[in-house]
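Here is the structure we will look at, set down as structure tokens.
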Amino acid sequence: MEAVDISGRMLKYGKMTNQEIAKNLREMAILYEMEGVFFKPRAYEKAASGVEVSGEEMKDLYEKGGKEALKKIPGVGEGIAFHIESLLKKGVFAEHERLKKKIPVNVSELSAVEGVGPKMIKVLYKKLGVKNLKDLEKAGRSGKIRKLERFGQKSEEKILKGIEFLKNSGGRRVLGIIAPELNALLAMVKSFPEVETAIIAGSARRKKETIGDLDILAVSKKPEIVMEKFITLPQIANVLSKGKTKTMVILKNGLDADLRVVPAGSYGAALNYFTGSKDHNVKLRELAQKKGLKLNEYGLRNGNRQIAGKSEEEVYKKLGLSYIEPELRENTGEIEASRAGKLPKLISYGDLKGDLQVQTDWTDGENSIEAMAEAAKKMGLEYIAITDHTKALVMTGGSDEKKLLKQMAAIDKLNSKFKIQNSKFRVLKGAEVNIMKDGSLDINDKTLAKLEVAGAAVHSHFNLTRAEQTRRIVSAMENPNVDIIFHLTGRVINKREPIELDIDEIIMTAKRTGTVLEIDAYPDRSDIREEYIKRCVEAGIKMSIDSDAHSVQHFNFLEYGVSQARRGWAGKTDIINTCSAQEMLKLLK
Ligand code: DGT
Ligand code: CA
Ligand code: CA
Ligand code: ZN
């Protein structure tokens, strides 16, 4: 049996990975929604995200504990566990096959286009016979979409723009989403007895938002055996080339992966080389040359004598540099700063004490306030702010003033319970209010004033001009009740472009009004991006790092927010939720 991955390459069928299972479940959600079935779309969506972010492969869970073991994944009950079992055994499941026959449309591909949802896919299929991206583009270019009822020229343009954007993203994968799979693969390589140590290098080690391919570096005295074992791993779909020091494969999830094996004496130099970035490497090599030395992936040499190579620290030291963290290696001034002893002390993984953007089942989150609090506590956090959506975001069941007051009372009750239990954990009252087209908010000031953490965000009108967008956000920031701007630019990686903004004016306004800017750690947001973070740091603007969690598993995303902050040269004091709840609240307006 063969399957086609998202980039269209044929893959040999083997046991499905979590990513593939999630994709199948998500398709079900879309197909059911097209069918107009209630409840099921959300149930499948929930299960898909549960599988996707699970640290354990479904395959392994199933091998160990059968169908029952699959049910420990949030959102997976008897019915869906049964389907996953079938996916693992046969690569398909009956209900999915039945629906696909009825609606022979590549829904994954079409729904990847920004603004194209199940209902639209249905109309496009029924009226224009659109089955895939190619059909959609053709229909758009020939002006057929605008003639459909309730579509119009604007939707047609938006669809074409979405397709263009999708094409330009070049198949790069969002690191935070794919990371559990990469780590599982790394763990397998590490488990080979012939492997002394192994590590992920490349853009994934630099913690870029997206990665083009995966680079693994291993140390071994027996590279041939390592390569032999590597190519038989279950995650691997195809072997592109196999050599003694380098093997290139395609993973079942569609990503390319390179494995390089080096001797221990070259580990540091090789790690440095394969971590990159390329621009950082080039600059380092020039620096070596100026000192009469030669740097490459084997080591740092003075003539024929190796003077460094075992560790990265040693390589940097011999070049007259202090150690440069991988997240900084983009040749954006880090080498000069290192030489001058002026590298910033970066925020550390584990510095966060709270999370200021959390959704619950009061709106579009999956879990209760209490479940979210317990999960955060388990992660070692001291507090979270509950920031459910508000009323203008109708499809999430957003809160109005009345519902917010009710929620605040529920939070008070939960906090007293924590107190009785002698727990210091605290739930803060918050909301994620909508910034309307004109910069006003969809919750009145009296209610906003009662919240401890009021976040405001743009969720509509993404296509206004730069001046209009800037004005609307500036006016939200000027509201004395707005503490934080959530996901400032509204981008969704591989899906939606950031809104146009005059970032200088935003930063000036943040400074003037004391508004915090959020680093949204949800992996495909990673908003604001590192250049903006760097400018906030320089301007002395405070930021927060929030998971934007919609389920208990999403607190894991905080790690990627810290990565993003580090890539923007941020230190601990730049981020308000590295403080205790009490101290953090003092930093808000
Ligand atoms: P990616 O995969 O596009 O997300 O980005 P990287 O940085 O992982 O790039 P990749 O996989 O092509 O190569 C891994 C590292 O190997 C890269 O960061 C630096 C190093 N490298 C690759 N090609 C060159 C090169 O032509 N010159 C130098 N100096 N280094 C290179
Ligand atoms: Ca790479
Ligand atoms: Ca590579
Ligand atoms: Zn939002």
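Both ligands and their constituent atoms are indexed starting at 1 by order of listing. The structure presented is a predicted model; accordingly, all values stated were derived computationally and were not measured.
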Euclidean distance, Lys310 NZ relative to Tyr267 OH, rounded to 0.5 Å: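 Answer for the OH-NZ pair, Tyr267 versus Lys310, is 13.0 Å.
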Distance, nearest 0.5 Å, that separates CG of Leu451 from CG of Asp483: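 Reported to 0.5 Å precision, the distance equals 8.5 Å.
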Ligand 1 N/O within reach of Gly212 N/O, cut-off under 3.5 Å: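 N/O-N/O distance under 3.5 Å: yes.
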Distance-only N or O hit between ligand 1 and Ser203, under 3.5 Å: yes
Mark up the atoms of ligand 1 that fall under 4.0 Å of a heavy atom belonging to [X], in ascending order.
X      : value
Gly202 : 8 (O)
Arg206 : 7 (O), 18 (O)
Asn281 : 19 (C), 20 (C), 29 (N), 30 (N)
Phe274 : 14 (C), 15 (C), 16 (O)
Asp213 : 2 (O), 11 (O)
Thr275 : 18 (O)
Ile211 : 4 (O)

Residue and atom name of the nearest protein heavy atom (relative to [atom]), distance in Å to one decimal:
atom                    : result
atom 26 (O) of ligand 1 : Lys278 CE, 3.4 Å
atom 24 (C) of ligand 1 : Tyr273 OH, 3.6 Å
atom 9 (O) of ligand 1  : Asp215 OD2, 4.7 Å
atom 29 (N) of ligand 1 : Arg285 NH2, 2.6 Å
atom 18 (O) of ligand 1 : Gly276 CA, 3.2 Å
atom 3 (O) of ligand 1  : Arg172 NH1, 3.0 Å

Indicate yes or no: does [X] engage [Y] in a salt bridge with an N to O separation below 4.0 Å.
X      : Y      : answer
Glu228 : Lys242 : yes
Glu209 : Arg567 : yes
Lys252 : Glu20  : no

Proximal heteroatom of Asp258 relative to the Ca ion (ligand 3) (N/O/S): OD2
Heavy-atom protein neighbour under 4.0 angstrom from atom 22 (C) of ligand 1: no
Exercise check, heavy-atom protein proximity under 4.0 Å to atom 12 (O) of ligand 1: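 So far as the 4.0 Å threshold goes, atom 12 (O) of ligand 1 is out of reach of every protein heavy atom.
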May I ask you to decide if [Y]'s main-chain N or O and [X]'s side chain share a donor-acceptor pair within less than 3.5 Å?
X      : Y      : value
Gln306 : Tyr298 : yes
Lys589 : Val482 : yes
Ser440 : Met436 : no
Glu334 : Asn331 : yes

Angle subtended at the Ca ion (ligand 3) by OD1 of Asp215 and OD1 of Asp213, nearest 10°: 90°
N/O/S atom name from Glu432 that is nearest to the position of the Zn ion (ligand 4):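 When I compare the N, O and S atoms of Glu432, OE2 is nearest to the Zn ion (ligand 4).
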Heavy-atom neighbours of Lys161 NZ exceed 12 at 6.0 Å: no
Lys495, NZ atom: more than 12 neighbouring heavy atoms under 6.0 Å: yes
His550 and His389 aromatic ring geometry - parallel, tilted or perpendicular at 30°/60° bounds: tilted
Reference residue Glu312; test salt bridge (charged side-chain N to carboxylate O under 4.0 Å, His left out); the match among Lys317, Arg205, Lys318: Arg205
N, O or S atom of His459 closer to the Zn ion (ligand 4) than 2.8 Å: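 Yes - counting backbone and side chain alike, His459 has an N, O or S atom under 2.8 Å.
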